[in-house]
Amino acid sequence: MSIYDTLNEQQREAVYQTEGPVLILAGAGSGKTRVLTHRTAYLIEEKGINPYHIMAITFTNKAAGEMRERIDKIVGFGSESIWVSTFHSSCVRILRRHIDRIGFDTNFTIYDADDSKSLMKDICKRLEIDTKIYKEKSFLAAISSAKDELITPTELMQRALTSSDYAKRKQAEVYREYQEALHKNNALDFDDLIMKTVELLQSDPEVKNYYQERFHYIMVDEYQDTNTAQFELIRLLAGKYQNLCVVGDDDQSIYKFRGANIYNILNFEKHFPDAKTIKLEQNYRSTQNILNAANSVIANNVGRKSKTLWTANDEGKKIDFEQFNTGYEEADYIARDIAGGVRNGDYHYGDYAVLYRTNAQSRLFEERFIVSNIPYKIVGGVNFYARKEVKDLLAYLKTIDNARDDLAVRRILNVPKRGIGATTVNRVSDYAESYDISFYDALKRADEIPSIGKAASKVKPFVNLIQVFRSKLEFISISDLLREVIEETGYVKELEAEGTDEAEARIENIDELLSKVVSYEESEEHPTLSGFLEEVALVADIDSLEDDSDYVVLMTLHSAKGLEFPKVYLAGMEDGLFPSYMSITSDDSSEQLEEERRLAYVGITRAMKELTITCAKQRMIRGETQYNKVSRFVKEIPLELLGGKAPVVSRKESDSSIENTWNVKPKRMTMRQQPSGQSMQARAFASVHTKEEKLPYDIADRVLHTRFGEGTVVAIVEGGRDYEVTVQFDTVGIKKMFASFAKLKKL
DNA sequence: GTTAAGTCCATTTTT
DNA sequence: TGGACTTAAC
Ligand SMILES: Nc1ncnc2c1ncn2[C@@H]1O[C@H](COP(=O)(O)OP(=O)(O)OP(=O)(O)O)[C@@H](O)[C@H]1O
């Protein structure tokens with residue numbers, strides 16, 4: 001029996017249909033991703049295709065890794081030479097080789113959202129735009145959607161000129177400036193990665209030919225969420241052999257807000273007239289009840305491609321629907337339910353996922369889970385690599401690696417404080433501009449810049465520091481380099497001295513960064529600093545999910561796409577939250593509501609065995625209490641599928657008592673890679689320090705600090721749970737710290 | 001140039 | 001509610 005016998009008939013057809021354009025259109029859990037994996041294996045194993053000629057595009061880096069792994073399990077060889085990656089990573093790979101042909105240096109830097117924003121701020125300042133009226137964010141949004149549609153600054157300007165909209169013209173102008181600035185910095189933003197690749201392939205026949213000849217077979221997962229630029233990219237790459245297989249579900253298109261164009265999938269047969277369409281109809285993931293619920297919700301959308309979806313699985317339990325008075329009770333219920341399920345041996349923590357519409361909702365669950373000692377991991381929110389402390393240290397590494405990223409250099413020039421302020425930065429910047437050199441090169445010539453005067457003496461040590469690191473680069477490992485950066489800059493020391501929970505969380509993140517460097521070094525045969533920085537630039541939070549770890553996963557519905565869990569909670573199912581207030585009130589409300597409904601469909605279909613839907617009558621949203629009705633999507637589920645342990649009854653006895661027991665606040669930053677519940681809780685409690693009755697020192701006493709050395713106490717302020725002590729140190733100056741952290745010794 | 005206090009304002013979703 | 005940004009004081 002071959003492995004292809006584990007597929008059903010339609011799936012097998014999709015696997016065997018290797019030639020020409022193919023659209024696999026199918027509902028959730030029908031094995032689309034599985035088909036792609038087997039199809040790739042089939043190409044290699046049965047068709048004798050060289051893995052080198054196969055490209056597979058996935059939605060996340062994690063999915064790419066998994067696909068490669070599974071192919072490897074089936075075929076046993078060659079999987080490493082298949083091109084499996086996301087759109088963004090693929091483009092970076094192509095551009096690193098060939099972008100010089102369109103006027104960039106191949107070691108361009110990639111700007112993340114933060115970087116783009118600071119660049120935009122500069123530009124608005126330069127163009128004297130009143131950012132109270134025209135917001136940076138709105139410019140960035142306009143530029144981003146232009147790029148998703150492959151619209152150049154010139155084209156945008158032309159469009160703007162035909163309308164009399166002043167704002168549009170401003171946008172086009174800013175777009176042009178923004179692109180020029182990026183070019184000058186030899187940088188690309190996220191959307192550029194795709195657009196520039198398309199530009200490259202369109203303008204350079206040689207490069208286009210090279211890649212067309214490389215990719216004989218191309219496959220794209222989650223095709224319903226591709227945008228116009230990505231479509232064009234695929235069309236170009238597949239232009240020669242036309243062996244393009246796309247896989248998707250129009251009912252799961254949920255990324256319109258970032259440019260996804262559902263017509264890519266709806267019109268696939270028009271784009272590729274000889275396309276073969278294959279539909280998969282059997283769902284292997286969920287129980288009948290769950291599938292029925294999902295089907296009845298999505299049936300309320302119009303203009304869908306017709307699809308059947310059935311399952312041979314059991315009917316399963318009814319969907320547990322619970323309404324609570326507050327979000328606290330909701331979180332409490334879910335926490336108890338999980339704890340109970342694990343206690344009974346029904347599930348492991350890792351079988352559970354809590355899904356919600358907005359990241360802000362994670363907070364209540366986090367607080368509750370800490371109290372209940374439930375191990376969890378929050379996916380999403382602020383990307384790990386976007387956190388201040390991580391970005392600071394990465395900026396050091398970037399600057400050491402090559403100081404061409406002006407933004408990175410500027411970021412760390414005064415971190416830690418070196419007494420270099422905005423004025424100096426601007427003057428150096430002007431100087432760099434007028435001599436057409438990089439910011440860092442200008443810093444090196446600080447003495448020659450007349451306008452900065454004595455500030456030059458402050459810049460010198462910084463440049464020296466970087467040069468010293470550079471000279472070490474070839475002798476020490478990346479992790480040791482990072483350790484030295486941390487040591488020399490006193491970054492962690494400073495945080496330690498702060499002594500707050502937040503600072504502690506930042507230190508943990510820095511440790512985490514260190515271990516990521518170490519694991520990069522271990523995984524790579526020839527680890528390089530540039531290689532590490534590259535890897536780090538495009539990771540999404542979801543990539544850090546580990547399958548074999550035993551923790552409850554909390555994430556937004558968007559992040560959950562493509563995943564599955566034995567038991568799923570859909571929390572906050574309230575009108576105004578989900579569907580969101582924005583979608584209900586906007587002027588193209590019906591369209592937006594359909595997208596929200598698709599999101600609900602995605603959420604419901606993540607569940608394999610059990611689904612719990614919860615909502616709260618009242619909920620705190622940005623400091624205000626909102627009263628919400630049960631989500632319309634819940635009402636679209638037939639009543640007979642719903643059950644509930646305590647449906648729609650208010651539970652008096654738990655009213656206020658719950659809120660009052662919640663006094664353990666989680667740290668401000670979500671920890672990465674939640675360890676076991678036990679140590680998590682231990683740490684959470686460890687941060688609640690007890691105030692000492694009386695301090696062993698007083699104002700004007702001489703004291704000793706483990707890091708800062710000797711100093712004199714200048715002030716002691718009694719705070720809520722601790723004393724805040726201000727000390728004038730002999731060497732490092734004045735520092736404020738909490739007594740219980742600083743552990744000062746009286747001399 | 002740095003820091004503390006004070007004001008405004010926005011909240012979907014993210015590679 | 002709290003984060004981002006501005007203003008005022010050191
Ligand atoms: N022929 C099959 N026999 C047994 N199990 C299958 C079969 N096909 C798929 N499955 C299982 O069904 C589940 C869903 O498969 P997969 O993730 O590939 O679906 P999908 O269509 O990509 O889902 P989604 O659209 O939700 O991303 C997986 O657990 C997979 O192992």
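So you know, we letter chains A, B, ... as the sequences are listed, proteins then strands, and number each from 1.
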Which nucleotide in [options] has an atom nearest any side-chain atom of [X]:
X        : options               : value
A/Thr556 : B/dT14, B/dT3, B/dT12 : B/dT14
A/His88  : B/dT13, B/dT3, B/dT15 : B/dT15
A/His558 : B/dT15, B/dT2, B/dT13 : B/dT13
A/Ser559 : B/dT14, B/dT13, B/dT2 : B/dT14
A/Thr423 : B/dT14, B/dG1, B/dT15 : B/dG1

Can A/Asp189 and A/Ser116 be counted as having a side-chain donor-acceptor contact under 3.5 angstrom?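 Per modelled atom types, A/Asp189 and A/Ser116 side chains form no pair under 3.5 Å.
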
Would one find a side-chain N or O of A/Lys137 under 4.0 angstrom from OP1 or OP2 of B/dA10?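 So the side-chain polar atoms of A/Lys137 never come under 4.0 Å of the phosphate oxygens OP1 or OP2 of B/dA10.
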
Students often get this wrong, so: under 4.0 angstrom with heavy atoms, is [X] touching a base, only sugar-phosphate, or nothing?
X        : value
A/Lys135 : sugar-phosphate
A/Gln592 : base
A/Ile420 : sugar-phosphate
A/Lys256 : nothing
A/Glu624 : nothing
A/Asn61  : nothing
A/Tyr581 : nothing

Decide, applying a 5.5 Å centre-distance limit and a 30° plane-angle limit (both strict), whether A/Phe257 stacks on B/dT13.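 The base of B/dT13 is stacked with A/Phe257 (centres under 5.5 Å, planes under 30°).
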
Under a 4.0 Å N-O cut-off, is there an ion pair linking A/Arg304 with A/Asp250?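 The answer is no: the pair does not qualify as a salt bridge.
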
